[in-house]
2 protein chains.
Amino acid sequence: MNQISDTLSSGLEDYIEAIYVAHINEASLKGAELARKLNVSRASVSEALSKLVAKKLITYNSYESITLTKEGIELAKAVYNKHHILQNFFEQILDIPSKEAGENACKIEHIISQNILNKMVEFSEFCQKHESFITEFKKEVTQNATNIINRKIS
Amino acid sequence: MNQISDTLSSGLEDYIEAIYVAHINEASLKGAELARKLNVSRASVSEALSKLVAKKLITYNSYESITLTKEGIELAKAVYNKHHILQNFFEQILDIPSKEAGENACKIEHIISQNILNKMVEFSEFCQKHESFITEFKKEVTQNATNIINRKIS
DNA sequence: ACAAAGTGTTAGGCATGCCTTACAATAATT
DNA sequence: AATTATTGTAAGGCATGCCTAACACTTTGT
């Protein structure tokens, strides 16, 4: 209904997040490059950027690089933080390989509640203060894996 | 492209999961009831059921109740298990209220990788063997919350 | 300066999934 | 049996997001 809503579809969140990553790397970013980064067509990027401009989250003129507005930065930062909380949790606590953790974070970041993310942070911090716990967990998991392999062999 | 693909869109997964829940409760389920359960129109259910029939996951004739095929049960069970792993993890480990845990599980179950779910199970089991850890975590979290409240007051 | 390479947009489509409206068919109640 | 309630379906739309093809514009390099 409203063009300038305060929530973004998960698709648009992906776009603004990618723009934000370029922003914090102080790299200039054009539509074509964004298309390559997100593995979508230039046409799709063109549509998405129009929407983000309409929502006043970015500034953009053809053939120039994309700029986040103040509100855009805020919103992007929020998405980006969610991503990192998830990625860290999967990697540090659940011992998931970085690539897989990232891929899952990318999808889940759009739908998970803030409350769960907060608890994930608290839990991670708690685990850091009791580091042996996670160390033990990882040890046990590899042990389990070894058992499974041995079981298959024998 | 292919009508009888082995993967389901998240929408169809929701439908088949709801059908499965009725199935394990040995409750008969008609389209109209399913529509009420999922908060969608009867028309949407009608469309979805046609797709599930085309994929041979359910058996269905108008005005009769919906039946899962063997393959349907297998697939539904997989979705349902994912849901439960997530719900349990959120509730037991992260101390999230049941309702919120369920709502999040409903959405995340469609996109999370099996590997992460497996690790969640292992982690939960590990925590059960060291129950004091989670107890301590919960204690600390409530303590933090109390601190925040007191900070706000003073 | 001009051609080639790169970039952006528009138009027309596809797929998902949801809706309402209107109508059809069956089930239940009196 | 007839009326009412319930259930199901078809048609026509809306929104999201993705695509290709074709065209337009800009930048780069010779």
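Chain identifiers are assigned alphabetically (A, B, ...) following the order of the sequence lines, protein sequences preceding nucleic acid strands; residue numbering begins at 1 within each chain. All of these numbers come straight from a predicted model, not from anything done at the bench.
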_Is it the case that atom CD in B/E131 sees more than 12 heavy atoms from other parts of the structure closer than 6.0 Å?_
no
*Might you work through the salt bridge (Lys or Arg N to Asp or Glu O under 4.0 Å) test for A/E33 and A/K37, ending with a clear yes or no?*
CA-CA 6 Å; A/E33 179 62 20; A/K37 284 234 165 72; 3.7 Å; yes
*Considering only heavy atoms from C-beta outward, does the side chain of A/I96 approach that of A/N104 to under 4.5 Å?*
no
*So does A/S41 get a side-chain nitrogen or oxygen closer than 4.0 Å to the phosphate oxygens (OP1/OP2) of D/dC19?*
yes
*Write down the distance between NZ (A/K51) and P (C/dT10), rounded to a whole number of angstrom.*
13 Å
_Rounding to an integer number of Å, can you tell me how far A/L8 CG sits from D/dA15 P?_
17 Å
_Base, sugar-phosphate or nothing for B/D14? Non-hydrogen atoms, less than 4.0 Å._
nothing
*Does A/K30 use its side chain to pair, donor to acceptor, with the backbone of A/S65 at less than 3.5 Å?*
no
*Integer-rounded Å distance: C/dA15 C1' and B/K55 NZ*: 12 Å
*Starting at CG of A/L34 and ending at C1' of C/dG8, how long is that distance when rounded to a whole Å?*
13 Å
*When the distance from CG of B/N39 to C1' of C/dC18 is rounded to whole Å, what number comes out?*
13 Å
*Decide yes or no on side-chain hydrogen bond (donor to acceptor under 3.5 Å, both in side chains) for B/N118 and B/E122, but give the supporting numbers first.*
CA-CA 6 Å; B/N118 292 343; B/E122 290 184 284; over 6 Å; no
Please list, pair by pair, any protein nitrogen or oxygen found under 3.5 Å from a nitrogen or oxygen in nucleotides 2-10 of chain D.
{"from": "D/dT7", "atom 1": "OP2", "to": "B/R36", "atom 2": "NH2", "distance (Å)": "2.2"}
{"from": "D/dT7", "atom 1": "O2", "to": "B/Y63", "atom 2": "OH", "distance (Å)": "3.4"}
{"from": "D/dG8", "atom 1": "OP1", "to": "B/Y60", "atom 2": "OH", "distance (Å)": "3.1"}
{"from": "D/dG8", "atom 1": "OP2", "to": "B/G31", "atom 2": "N", "distance (Å)": "3.1"}
{"from": "D/dG8", "atom 1": "OP2", "to": "B/A32", "atom 2": "N", "distance (Å)": "2.6"}
{"from": "D/dG8", "atom 1": "O5'", "to": "B/Y60", "atom 2": "OH", "distance (Å)": "3.4"}
{"from": "D/dG8", "atom 1": "O3'", "to": "B/S62", "atom 2": "OG", "distance (Å)": "2.9"}
{"from": "D/dG8", "atom 1": "N7", "to": "B/R42", "atom 2": "NE", "distance (Å)": "2.9"}
{"from": "D/dG8", "atom 1": "N7", "to": "B/R42", "atom 2": "NH2", "distance (Å)": "3.0"}
{"from": "D/dG8", "atom 1": "O6", "to": "B/R42", "atom 2": "NH2", "distance (Å)": "2.8"}
{"from": "D/dT9", "atom 1": "OP1", "to": "B/S62", "atom 2": "OG", "distance (Å)": "2.8"}
{"from": "D/dT9", "atom 1": "OP2", "to": "B/S46", "atom 2": "OG", "distance (Å)": "2.8"}

_salt bridge (Lys or Arg N to Asp or Glu O under 4.0 Å) between B/E140 and A/K129, worked out_ = CA-CA 12 Å; B/E140 183 156 319; A/K129 288 194 295 191; 2.5 Å; yes
